[in-house]
Protein chains: 2
Amino acid sequence: MIAMDEKAVAEIMELHRGGKLALKPTVELSDISQLRKIYTPGVAEVCMHIRENPEAARDYTMIGNTVCIATNGTAVLGLGHIGAVAGMPVMEGKSVILNKMAGVGCMPILIESLDADYIVEALTAIAPTFSAIMLEDISAPLCFEVEEKLQQRVSIPVFHDDQHGTATVVLSALIRALSLTGRSKESVRTVINGAGAAGTAITRLLSAYGFNDIVLCDRKGALYAGRSDLNPAKAAVAAETNPRGVKGVLADVLSGADVFIGVSGPGLVSTDMIRSMNKSSIVFALANPVPEIEPADALGAGAAIASDGKVVNNALVFPGLMRGALDARAAIITTRMKFKAAEVVAAQCVGDEIVPDFMDSSLHQKVARAVASAA
Amino acid sequence: MIAMDEKAVAEIMELHRGGKLALKPTVELSDISQLRKIYTPGVAEVCMHIRENPEAARDYTMIGNTVCIATNGTAVLGLGHIGAVAGMPVMEGKSVILNKMAGVGCMPILIESLDADYIVEALTAIAPTFSAIMLEDISAPLCFEVEEKLQQRVSIPVFHDDQHGTATVVLSALIRALSLTGRSKESVRTVINGAGAAGTAITRLLSAYGFNDIVLCDRKGALYAGRSDLNPAKAAVAAETNPRGVKGVLADVLSGADVFIGVSGPGLVSTDMIRSMNKSSIVFALANPVPEIEPADALGAGAAIASDGKVVNNALVFPGLMRGALDARAAIITTRMKFKAAEVVAAQCVGDEIVPDFMDSSLHQKVARAVASAA
């Protein structure tokens, strides 16, 4: 955690008292005649209509606008494995963002388990309640298994934001940065540090978008085909990337690169390493809460563009992405929907912005429309 | 369903558009500095506080005021087995009542399964999200198995309203009716028709409260010790009730009884059957939406007091009962808590009322206080 004074901490605690989210009626209950419409006997009309037309549940119940935000608390922000209940304030915060920016209703669901099948079974069982399931702050590689198995079981989108939200906003910022520095996705050399959930998803999305030269690094350095200590997820990425077969630690790999994307840990990139990159490099040091290198230091060492995770944040993407998926009643979130979201976010930038203003609600509306029409 | 004209149906459908319940933020999100308090990095302070003090999750997240309303849609109102999704409007209606009357936040959870263990596993997995679980509209005997197994697995109250809410409000109305007619619980003969979830729970609660002479009837008539066609749940009730060993169909059993409680089906009780009861009888014909006998007909046939399920309704009880359980952070809902709730509801009646005014919020507050202090 970042050091905070006592007064700031007390203010934050007070702000959280009672939680940040509530289940509230959207109808009045002022007299008994109203009760007989929203409850027995009148409600039976609505039940029987849904019984005859199951899809109408999206129109006549909260289901159509309700997303499950599920966590087991194994990878909460920069705090690590603190458990699902301790992670609840983050889930509520995410819900607040989704609601304020895109009108989506979100219910956090806390499951204290490290077992993918147990989590998948529970979420499959309760899935009829929701129109989408977001997986939050579940550590890699468990998150991959949960996402893949769950999406096979349910007919609503399963979206792991730490992977795909982050990947989409990185793609967006990169589209913008390439445009500002006059480069193309086909020609740049990109290095991604951190082979967890986010790093893997970024690598896959950039690769699908047409970035030809990507090297993903874990703690030991570059992933390359044939490296003997890779788990299956990493081996799959290694086989599809690193076309020049680069080996070595991060400092070796960064030399001559155009783009650095860090989703790893604090202070892992030095100014010397930035100087070893190509001229006018692009540096996204996204480790939370302390970046791989402070953007000012990267700029001082010759980077043309440098940002951290406070700027290049998935909150730019996920509200509109979920809104669009709900509006289209999508059954999955496709790569094409992510591409469209990234392009819209990039197109919203003005001047030398790498990302647009998060507080601008028209941004989220535009993302939603683009995503819905791509669905 | 009761016949309704087209206009009334259209109005009810429109009232339900978009659902009756929503997940809403309780904090502002007007600028980025606010975002940094409710989300990263500020939220980490709250997470770590809960990590160190797990019980604080009730104070600093929505958990403390959030109840799960779980159903599999097997016994929805008078509609029967329509499925969980088709039952959603009822779950939302219940949530509206709990919120408006007692400030409780309720999240419906829909599980399309007929398997008790499957339902129990799913609800156990997600239980950390909630401070209580209400089971709704689950058919007997499945509801008994789910309730019993689930309560053994979780450390929050599991409350099947169709059983215990109904039993509590019936006890309340009966306390009041005995007082108005000058009789005692020890001396009256009570006949309960309908050996499903509600009938069984009413029988058990009245018995625990000190009603000595109760005969529970199913479709075939009186339950008595040794009847050969009883399932285990019914056999257990038979062993604890019917001290005079009464046999025969409902018409036989009602002769000479003081109290009739129906949780069975429409029109099962005739005026002749009421005439065969003791003078100034008490008739609660609670079948929904059409009672066993219309109260006016029962009164015409000599009953001193007659009501139906629109009057003697568990909505008088469950808001305050859940509020009290949450306020006390109860781990279970005890029989004593139900007794106290029933006594408070009865004491709130004025004049010749059998139940007090549901819309009076002071009623629900008083129930909550009594339940919390009994917890």
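In the text below, chain A, chain B and the rest are named by the order of the sequence lines, each starting its count at 1.
- Listed for the B:T26 side chain is a donor-acceptor partner under 3.5 Å among the backbone atoms of A:G19.
- For the pair A:R51 (side chain) and B:I82 (backbone), a donor-acceptor distance under 3.5 Å is present.
- Contact annotation for B:E28: both backbone and side-chain heavy atoms come within less than 4.5 Å of a heavy atom of chain A.
- Between the NZ atom in B:K310 and the CZ atom in A:R36 there is a gap of 6.5 Å [rounded to 0.5 Å].
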For this session: Could you give me the CA-CA distance, side-chain angles and deciding distance for B:L110 and A:I126, then say whether side chain to side chain contact (heavy atoms under 4.5 Å, CB included) is met?
Result: CA-CA 6 Å; B:L110 310 177; A:I126 68 172; over 6 Å; no

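- In this structure, the portions of B:M107 lying under 4.5 Å from any heavy atom of chain A include both its backbone and its side chain.
- Under a 3.5 Å cut-off, the side chain of B:N99 and the backbone N or O of A:L23 do form a donor-acceptor pair.
- Looking at A:L35, only its side chain comes within 4.5 Å of chain B, counting heavy atoms on both sides.
- For A:A84, no part sits under 4.5 Å from any heavy atom of chain B, backbone or side chain.
- Rounding to the nearest 0.5 angstrom, the gap separating the CD1 atom in B:I50 from the CE atom in A:M88 is 9.0 Å.
- With respect to chain A, the highest number of heavy-atom pairs below 4.5 Å among B:E121, B:E14, B:E112, B:E11 belongs to B:E11.
- Proximity to chain B (any heavy atom under 4.5 Å) is shown, for A:Y60, by both the backbone and the side chain.
- In this structure, the separation between OG on A:S30 and NZ on B:K100 is 8.0 Å, given to the nearest 0.5 Å.
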Problem set entry | Check against side chain to side chain contact (heavy atoms under 4.5 Å, CB included), B:I109 and A:I109 | CA-CA 11 Å; B:I109 291 291; A:I109 291 290; 4.3 Å; yes

Problem set entry | Residue pair B:M101, A:L29: steps toward the side chain to side chain contact (heavy atoms under 4.5 Å, CB included) verdict | CA-CA 9 Å; B:M101 295 301 148; A:L29 180 52; 4.0 Å; yes

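- Heavy-atom distances place both the backbone and the side chain of A:M13 under 4.5 Å from chain B.
- Taking A:V76, A:D357, A:L77 one by one and counting their heavy-atom pairs under 4.5 Å with chain B, the maximum is reached by A:L77.
- With chain B as partner, the option from A:G87, A:G309, A:P108, A:G64 having the largest number of non-hydrogen pairs under 4.5 angstrom is A:P108.
- For the options B:T124, B:I63, B:N313, B:L123, heavy-atom pairs under 4.5 Å to chain A are most numerous at B:I63.
- With a 4.5 angstrom heavy-atom cutoff, B:C106 touches chain A only via backbone atoms.
- Residue A:D31 touches chain B through its backbone alone, counting heavy-atom pairs closer than 4.5 Å.
- Listed for the B:E92 side chain is no donor-acceptor partner under 3.5 Å among the backbone atoms of A:T61.
- Only the side chain of B:T66 has a heavy atom closer than 4.5 Å to any heavy atom of chain A.
- Atom CE in A:M91 sits 11.0 Å away from atom OG1 in B:T129 (nearest 0.5 Å).
- Checked by atom type and distance alone, the side chain of A:K20 pairs as donor or acceptor with a backbone atom of B:I38 at under 3.5 Å.
- Among the candidates A:V90, A:N288, A:I119, the residue making the largest number of heavy-atom pairs closer than 4.5 Å to chain B is A:V90.
- Contact tally against chain B (heavy-atom pairs below 4.5 Å) for A:P54, A:S113, A:A22: the top residue is A:A22.
- Proximity of a side-chain donor or acceptor of B:K37 to a complementary backbone N or O of A:L15 within less than 3.5 Å is not detected.
- Using a 4.5 Å cut-off on side-chain heavy atoms (C-beta onward), A:L21 and B:K24 make no contact.
- Ranked by heavy-atom pairs under 4.5 Å with chain B, the list A:V85, A:V27, A:T40, A:N65 is led by A:V27.
- The most heavy-atom pairs under 4.5 Å with chain B, out of A:V104, A:I111, A:N53, come from A:I111.
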